[in-house]
Student: 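Sharing a structure here in structure tokens format.
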Amino acid sequence: MADVLHHQIHAASDHREVDYLSDGRGIRDWLYTVDHKRIGVMYLFFIILSFFVGGMLALAIRLELLYPGRTIMDAETYNRVFTLHGAVMVFLFIIPSIPAALGNFVLPLMLGAKDVAFPKLNLASFYIYCLGATMMIGAIISGGVDTGWTFYTPYSTSTNGAVTLTAMGVFTLGFSSIFTGINFIATIHKLRAPGMGWFEMPLFVWGIYSTSVIQVLATPVIGITMVLLGLERAFGIGIFDPRIGGDPVLFQHFFWFYSHPAVYIMILPGMAIISEVIPTFSHRTIFGYRGIAFSSVAIALVSFIVWGHHMFTSGQSQLINAVFSFLTFLVGIPSGIKVFNWVATMYKGRITLKAPMLFAISFLLLFTIGGLTGLFLGSLSIDIHLHDTYFVVAHFHYVMMGGTVIAFLAGLHYWWPKMFGRMYNERLAAISCALIFVGFNTTFLTQFVLGSRGMPRRYYNYLDQFQQLHMYSTFGSWILGAGFFLMAGYLLASLRGPKNAPMDPWGGTTLEWQTQSPPITHNFHDVPVLKHAPYDYRNIPQGEA
Amino acid sequence: MNEWLRSTLPIVGSEHARDIDTFYFFVFYLSLFFFIIVGGLAVYFPIKYRLKPGETRRSAHITDNFFLEMLWTVVPSLLCFVLFFWGFNTYLAAFTVPNDAMEIYVRGRKWNWTFEYPDGMAGGGTLYVPLNRPIKLIMDSEDVLHAFYIPAMRIKQDVIPGRYVYMTFTPTVKGEFQIFCAEYCGKDHSGMLAMLKVMDDAEYEVFKREGPPEYKTMDPKLIGETIYKTRGCQSCHSLDGTKGDGPSFKGIWGKTEQFADGTSGVVDENYIRQSVLEPQAKVVKGFEPVMPTFQGSLRPVEINGIIAFIKGQK
């Protein structure tokens, strides 16, 4: 058990001290803040806003696909809408979601630190994110982009629309991501509480550490790729367009050299949250701490050498295809180890099914489907059939949404009392979790079948034989939407109540639960000293349920 | 279960497709097995070990188990090796071209496909192939990336501008099969469709001589329009009077044209036929002699179609 000095616990629970939310309420106090908690909350606001925008675009896509042919928009609008859905969800929502919002808030608390290592760099990262987001919104207003979020050349170098501005937006957002990564690496190396060795760190920290390494090493590649794309469009320098001497497949290599590791920038933090939530609500120590910690690092390393599996039909050599197929299977193993360890953690636990745990169980089911359908796509000959069909769309939604987004929701519900000092309505949270689970599966299970039957992705119109499944998928998207609107309702409603959350509402063992909810501006009165590894429940007084 | 699973895959058009389906079934059942284990326990444990009222929270302290952890590292690794080799072998088989393959050249452009056959004939919209004969498609693109996808054959290949790629298949089932463009290519990406028609040898001989069977029932004007759109006529000859590299077809029928060599003549059946087969013979004054010949690559029925089509351009 990690512990702060005892008299402070009592001091904190007897009367509430001025917390970080009340410490300066002016707009300047927020805009100039270097407090990691406030920066985390500001990130959270914009990330949820981006998710809302991306989500509305998704509902529009599904509505259009209810019937073949025109339903609510024309083909050119549809192409812009699915491009924006992908770009907003990937670059503005999911990449920064867990690290920049929840990670920023929780990581220093978990380490027992006052703040991140470079608080000003942290604020800079936030403003760069805002700048990049503004550029992307500017691109939408000035004509939109219809290239798909992958910007494949030579279509992207020849189409009209604000491709260059969007590419520069992505370039800018990359710096925000790099700054966050550098900051977290330095923080984890230098600011751990006394007594906290590497194997006494919470597993969330291991996950975020692995993510940060990928962010720092891979993001520059997407940056330079976007610059080259911009140069080609603006000055006609032949890099990717074969008509002026370029190679379109080169773009795909550059793009996926970042964007495949980026998949792990998205999922590793999700796995990190699940590694916290499951032991806390099982009131049991984590099973296979080292296995989970090392598998995060293994995933981070192997993620750099599997990008070619996005290109099995691209015309790259057959030998290269074989090598990438092999490596792809390799990267599946550590993810499997994690899943088995999480399930084993519940064995002989004392499980309470609060909202974060319900989301964590949803995650286990959905992420397992996402991972297992990856076996079809990693198998070379099957991928030749399934590549660029709805099977792939369903697969990555199971991993990104069923995995990362559901884990983000688990984390949001887990740390909500810590962030805002309020409890939300548990019953509504359970209903929302059920709606999202049912809606999600209705939307995307159908898409596996659409894809295996041969329905290509990014199709505005489709053959009549696919109509029924598309219709079910659209119905699912409405259930999914209802779940999210309900969630927005009860979370916002909770903010109107008094700050009534206890210091440790769930019985967590990590350091963030050893300070007031919401924490004081400097997190802890004195530097906390770690006495036990995380998830050790043996020395915690265990009351009755 | 098998029946349902088969219904989630497209119809089978070749032996390769059957092999892929067998492999697909294997991966499906393997995944189902693991999903039942993991998903089952993920649901069962929270019910079984739920904290009951009156119970203390004291739980078992189990930090790890070497045997179990090795088990779920080694077993999935071995299974992944199996999947890799199975996938690799069937992939190599799918891309190995038999020696006697018939070569057909496929060209993709926004937003249609054209096919050029070994005898010099060409067409768009439908790819005609003989049954049981290995086919090698040699493909490239005129503009952006496309992908040639025949679900019934379980094969797909991106088509790239400035570079030839190939794919191969041996159709073993007669019939018509859907072809999609699977790589996003802009506005009419979802309309970039074609059909694959697999014919027996007798039917194929007739096709080679007389063209697609549909010609028999098609309005000649429509045949001409298809040729006009898919064989490159439209890039030089407009239909609205705009001057291109060649004269516009608008109102050209029956007109008396001055030729570059000083002679003149009326645009009639013979003139159009001659212009298609020997385009340099009588070039209209003011145009460069740049049109290629279509000698040997258009059937008589197709030339008649072009004549009928031009007749209709008032």
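The structure presented is a predicted model; accordingly, all values stated were derived computationally and were not measured. Chain identifiers are assigned alphabetically (A, B, ...) following the order of the sequence lines, protein sequences preceding nucleic acid strands; residue numbering begins at 1 within each chain.
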Student: Side-chain contact, heavy-atom cut-off 4.5 Å: B:V144 with B:Y184?
Tutor: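 They are not in contact (no side-chain heavy atoms under 4.5 Å apart), so the answer is no.
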Student: B:K110 versus chain A, heavy atoms under 4.5 Å apart: side chain, backbone, both or neither?
Tutor: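 Side chain of B:K110 only, per the 4.5 Å heavy-atom cut-off to chain A.
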Student: Checking heavy atoms, do the side chain of B:F88, its backbone, both or neither come under 4.5 Å from chain A?
Tutor: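 For B:F88, backbone and side chain are both near chain A.
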Student: Enumerate the salt bridge (charged side-chain N to carboxylate O under 4.0 Å, His left out) contacts for residues 140-150 of chain B, please, sequence neighbours excluded, ordered by first and then second residue.
Tutor: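 Counting only pairs at least two positions apart or across chains, the salt bridge (charged side-chain N to carboxylate O under 4.0 Å, His left out) contacts touching residues 140-150 of chain B are B:R107-B:D140, B:R107-B:E142, B:R109-B:E142.
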Student: Is chain A contacted by the side chain of B:A182, its backbone, both, or neither, given a heavy-atom distance below 4.5 Å?
Tutor: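 Its backbone and side chain both get close to chain A.
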Student: Any side-chain donor-acceptor pair under 3.5 Å between A:D383 and B:Y91?
Tutor: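 Note: A:D383 and B:Y91 side chains miss the donor-acceptor criterion.
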Student: Using the side chain to side chain contact (heavy atoms under 4.5 Å, CB included) rule, pick out the option among B:I155, B:V159, B:D158 that qualifies with A:T313.
Tutor: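 Result for side chain to side chain contact (heavy atoms under 4.5 Å, CB included) with A:T313: B:D158.
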Student: So which part of B:L193 gets closer than 4.5 Å to some heavy atom of chain A, the side chain, the backbone, both or neither?
Tutor: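 The answer is the side chain of B:L193.
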Student: Check each atom of A:I286 against the heavy atoms of chain B and say whether the ones under 4.5 Å are side chain, backbone, both or neither.
Tutor: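 Just its backbone gets close to chain B.
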Student: Of the non-hydrogen atoms in A:L366 and A:F437, which two are nearest, and what is the gap between them?
Tutor: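 Nearest pair, atom of A:L366 first, then A:F437: CD2-CE1, 3.8 Å.
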Student: Is A:T147 in contact with chain B via its backbone, its side chain, both, or neither, using a 4.5 Å heavy-atom distance?
Tutor: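 When you check distances to chain B, only backbone atoms of A:T147 fall under 4.5 Å.
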Student: If the contact rule is any heavy atom under 4.5 Å from chain A, which residues of residues 19-31 of chain B qualify, in numerical order?
Tutor: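 Result: B:I20, B:F23, B:Y24, B:V27, B:F28, B:S31.
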Student: Side chain, backbone, both or neither: which part of B:Q178 has a non-hydrogen atom closer than 4.5 Å to chain A?
Tutor: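 Only the side chain of B:Q178 comes within 4.5 Å of chain A.
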Student: Could you point out which residue of B:F177, B:F115, B:W113 forms a side chain to side chain contact (heavy atoms under 4.5 Å, CB included) with B:L127?
Tutor: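 Answer to the side chain to side chain contact (heavy atoms under 4.5 Å, CB included) test with B:L127 among B:F177, B:F115, B:W113: B:F115.
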Student: Most heavy-atom pairs under 4.5 angstrom with chain B, which of A:I278, A:T373, A:L463, A:T389?
Tutor: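 Counting heavy-atom pairs under 4.5 Å, the top option is A:L463.
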Student: Quick one: which of B:A94, B:A152, B:C181 has the most heavy-atom pairs under 4.5 Å with chain A, could you say?
Tutor: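 So the answer, after comparing B:A94, B:A152, B:C181, is B:C181.
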Student: Among B:G162, B:C80, B:G39, B:P76, which has the most heavy-atom pairs under 4.5 Å with chain A?
Tutor: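 When all of B:G162, B:C80, B:G39, B:P76 are compared, B:C80 has the most.
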Student: Just by distance, do the side chain of A:N321 and the backbone of A:F312 share a donor-acceptor pair under 3.5 Å?
Tutor: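 Here the side-chain-to-backbone pair exists.
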Student: Evaluate the side-chain proximity of A:P279 to A:T285: yes if any heavy-atom separation is below 4.5 Å, no if none is.
Tutor: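 No, side chains not in contact.
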Student: Between A:D241, A:T368, A:L469, which residue shows the highest count of heavy-atom pairs closer than 4.5 Å to chain B?
Tutor: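 Maximum pair count with chain B is reached by A:T368.
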Student: Is chain A contacted by the side chain of B:S141, its backbone, both, or neither, given a heavy-atom distance below 4.5 Å?
Tutor: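 The answer is neither part of B:S141.
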Student: Is it the case that the side chains of A:Y155 and A:D146 hold a donor-acceptor pair, with the cut-off being a distance below 3.5 Å and no angle test?
Tutor: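 There is such a pair (donor and acceptor under 3.5 Å, judged by atom type) between the side chains of A:D146 and A:Y155.
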Student: Counting only non-hydrogen atoms closer than 4.5 Å, does A:S158 touch chain B with its backbone (N, CA, C, O), its side chain (CB onward), both, or neither?
Tutor: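 For A:S158, the side chain is the part near chain B, not the backbone.
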Student: Who wins among B:N65, B:V43, B:V165, B:I37 for the most heavy-atom pairs under 4.5 Å with chain A?
Tutor: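 Among the listed options, the one with the most contacts to chain A is B:N65.
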Student: Quick one: which of A:G507, A:P242, A:S452 has the most heavy-atom pairs under 4.5 Å with chain B, could you say?
Tutor: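 Heavy-atom pair counts peak at A:S452.
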Student: Check each atom of A:F82 against the heavy atoms of chain B and say whether the ones under 4.5 Å are side chain, backbone, both or neither.
Tutor: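 For A:F82, the side chain is the part near chain B, not the backbone.
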Student: Top residue by heavy-atom pair count (under 4.5 Å) with chain B, among A:I333, A:L364, A:T153?
Tutor: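 Option with the top pair count is A:I333.
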Student: At a heavy-atom distance under 4.5 Å, which candidate from B:I150, B:T63, B:L41 has the highest pair count against chain A?
Tutor: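 Winner by heavy-atom pair count: B:T63.
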Student: Tell me, for A:Y289 versus chain B, whether the close heavy atoms (under 4.5 Å) come from the side chain, the backbone, both or neither.
Tutor: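 The backbone, not the side chain.
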Student: Picking from B:C185, B:A93, B:A147, which has the most non-hydrogen pairs under 4.5 angstrom with chain A?
Tutor: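 Of the candidates given, the most pairs with chain A belong to B:C185.
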Student: Report which part of A:L353 has an atom under 4.5 Å of a heavy atom belonging to chain B: side chain, backbone, both, or neither.
Tutor: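 Side chain only.
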Student: Counting only heavy atoms closer than 4.5 Å, note whether A:L386 contacts chain B via side chain, backbone, both or neither.
Tutor: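 Both backbone and side chain.
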Student: Side chain from CB out, backbone as N, CA, C, O: work out which of these in A:I384 comes under 4.5 Å of a heavy atom of chain B, or both, or neither.
Tutor: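 Answer is both: backbone and side chain atoms of A:I384 are under 4.5 Å from chain B.
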Student: Fit a plane to each ring of A:H385 and B:Y149, take the angle between them on a 0 to 90° scale, and name the class: parallel (under 30°), tilted (30 to 60°) or perpendicular (over 60°).
Tutor: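 It falls in the tilted class, 30° to 60°.
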Student: Go through B:P46, B:P151, B:A17, B:G191 and name the one with the most non-hydrogen pairs under 4.5 angstrom from chain A.
Tutor: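 It is B:P46.
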Student: Side-chain contact, heavy-atom cut-off 4.5 Å: B:S59 with A:S282?
Tutor: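 No, their side chains stay 4.5 Å or more apart.
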Student: What part of A:V449 gets within 4.5 angstrom of chain B, counting heavy atoms only: side chain, backbone, both, or neither?
Tutor: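 Contact with chain B is through both the backbone and side chain of A:V449.
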Student: Identify which part of A:P248 has an atom lying under 4.5 Å from any heavy atom of chain B, answering side chain, backbone, both or neither.
Tutor: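 Side chain only.
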Student: What option among A:S325, A:A75, A:A322, A:G315 has the most heavy-atom pairs under 4.5 Å with chain B?
Tutor: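 Greatest number of close heavy-atom pairs with chain B: A:A322.
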Student: Which label fits A:Y460 and A:Y78: parallel for a plane angle under 30°, tilted from 30 to 60°, or perpendicular past 60°?
Tutor: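 A:Y460 and A:Y78: tilted rings.
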Student: With a 4.5 angstrom heavy-atom cut-off, could you sort out which part of B:I160 is near chain A: side chain, backbone, both or neither?
Tutor: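 Just the side chain, heavy atoms under 4.5 Å.
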Student: Tell me, side chain or backbone of B:Y166 under 4.5 Å from chain A's heavy atoms, or both, or neither?
Tutor: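 Looking at B:Y166, just its side chain touches chain A.
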Student: Does any heavy atom of chain B fall under 4.5 Å from the side chain of A:S156, the backbone, both, or neither of them?
Tutor: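 Nothing of A:S156, per the 4.5 Å heavy-atom cut-off to chain B.
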Student: Heavy-atom cut-off 4.5 Å, strictly under: side chain, backbone, both or neither for A:F363 against chain B?
Tutor: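 Nothing of A:F363, per the 4.5 Å heavy-atom cut-off to chain B.
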Student: Would you say B:Y105 and B:Y164 make side-chain contact, with heavy atoms under 4.5 Å?
Tutor: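 Answer yes - side chains close enough.
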Student: Considering only heavy atoms, which portion of A:R457 lies under 4.5 Å from any heavy atom of chain B: side chain, backbone, both, or neither?
Tutor: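 Backbone only.
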Student: Please state whether the side chain, the backbone, both or neither of B:E69 comes within less than 4.5 Å of a heavy atom of chain A.
Tutor: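 B:E69 touches chain A through side-chain heavy atoms alone.
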Student: Counting heavy-atom pairs closer than 4.5 Å to chain B, which one of A:N341, A:T352, A:V339 comes out on top?
Tutor: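 Counting heavy-atom pairs under 4.5 Å, the top option is A:N341.
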